[in-house]
Amino acid sequence: MTRTEVASALGGVFASLPEASARGLPVYRGKVRDVVSGRDALLLVASDRISAFDKVLSTVPFKGEVLSRVSAWWFERCSDILPNHLLPGGGPASLGLGRATLVRKARMLPVEVVVRGYLAGSAWRDYRAGLAVSGIALPAGLARNERFPVPIITPSTKEDGGHDRPVSGAEIVSSGLVDAELWREVEKAALALFRRGQAIAAESGLILVDTKYEFGVEGGRLVLADELHSPDSSRYWWADSYERLFFEGADQRELDKEPFRRWLAERGFAGEGPVPEIPDSVRAETAWRYIQAYEAITSENFSSIGSDPQSEAELAARIVSERLL
Ligand SMILES: Nc1ncnc2c1ncn2[C@@H]1O[C@H](COP(=O)(O)OP(=O)(O)O)[C@@H](O)[C@H]1O
Ligand SMILES: [Mg+2]
């Protein structure tokens, strides 16, 4: 895909799934995805909405498709570690709807399982402020973006509508959020997934820095749900410049949302107050970054299987009728 194609798609974004596509079934509208809920299955439709600071701020063409297809790509490469929630023929390519995924409905564990290989993002901010990171007291003297000897798990609770709260593994078990034995299984799976993610990313010159997993229980067993190593659930850096930038104490080269976050930061927006109007140039540049992220992760050219929002909504309605009703 070229920059020109990206720029010409700015007016044709998929902002949200129309109510009619759900055919009377309940729809949960998340920050980024719209979820149509059948009895045993869900249709996850990733919109082109982009969020930061837990707020939806704008739309970015092809973003929903990139997220869905990157996740599907990773599910395929990690399915031997743990069963995942995808139904047969439920991937975006099989459905013919690039932004959609058809999954088994699971009883979700009420925690976000964050795995970190490096001291970055909110973990660095907490550490610098002298705070424990999800109950883990890290050794003194670590530098920003430093690699951990082994990856760590820093969970947070999934709060309805609000900000997620960091929580330790011990607290998750003692408060009864997750049963002890199941939590051990979750930790083991999360670390194995992360190891696999890092190894495969490295083959493409990328570092999988940190990511967030969501697990559920379905049919009496633990399953991997939600998204997998997508640019929205994960942070990726370019590997070739890591060491140099680390020793210079400079920012790492990130794969995706960077131009978007930088633009917000330059305007001093940190989640409070009125949301600034995001110009088309920033939306286009961000779309371009998401597409490059797709291409870097999968080593495939991105060619959209999407069409106009109206046709996509109709296709979603057809999938709901055939597979969920
Ligand atoms: N297999 C599944 N079964 C049940 N719920 C799921 C499954 N996979 C993902 N989910 C849930 O679907 C929602 C996806 O929407 P998302 O845009 O991520 O919204 P949110 O703002 O709540 O994170 C999340 O609440 C996620 O936990
Ligand atoms: Mg989510």
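Just so you know, ligand 1 is whichever comes first in the structure, and atom 1 is the first atom listed for that ligand. Both backbone and side-chain heavy atoms feed into the values below; hydrogens, waters and symmetry mates do not. No experiment lies behind these values; they were computed from the predicted model shown.
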The option among V35, L224, L42 carrying the non-hydrogen atom nearest to atom 2 (C) of ligand 1 is L42
What's the shortest distance from [atom] to any protein heavy atom, and which residue and atom give it?
atom: atom 22 (O) of ligand 1; result: Y28 OH, 2.5 Å
atom: atom 11 (C) of ligand 1; result: D226 OD1, 4.1 Å
atom: atom 7 (C) of ligand 1; result: M108 SD, 3.7 Å
atom: atom 19 (O) of ligand 1; result: G30 CA, 3.4 Å

Any nitrogen or oxygen of A106 lying under 3.5 Å from a nitrogen or oxygen in ligand 1? Just yes or no.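 Between A106 and ligand 1, an N or O pair is found under 3.5 Å apart.
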[X]: numbered ligand 1 atoms lying under 4.0 Å from its heavy atoms:
X: R33; value: 14 (C), 15 (O), 16 (P), 17 (O), 18 (O)
X: V103; value: 1 (N)
X: K158; value: 25 (O), 27 (O)
X: E214; value: 26 (C), 27 (O)
X: K105; value: 3 (N)
X: K31; value: 17 (O), 19 (O), 21 (O)
X: R104; value: 1 (N), 2 (C), 3 (N)

Side-chain ion pair, [X] and [Y], N-O less than 4.0 Å:
X: R235; Y: D210; result: yes
X: R104; Y: E218; result: yes
X: K158; Y: E214; result: yes
X: D34; Y: R29; result: yes
X: R165; Y: E112; result: no
X: D251; Y: R144; result: yes

Measure across W183 and V178 and return the closest heavy-atom pair with its distance rounded to 0.1 Å.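 Closest pair (atom of W183, atom of V178, distance): N-CG1, 3.8 Å.
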Over 60° means perpendicular and under 30° means parallel, so tell me whether F215 and Y213 are parallel, tilted or perpendicular. tilted
I'd like to know if E218 contacts ligand 1, where contact means a heavy-atom distance under 4.0 Å to any ligand atom. no
Would you check if F75 and H85 make a side-chain contact, meaning some heavy-atom pair closer than 4.5 Å? yes
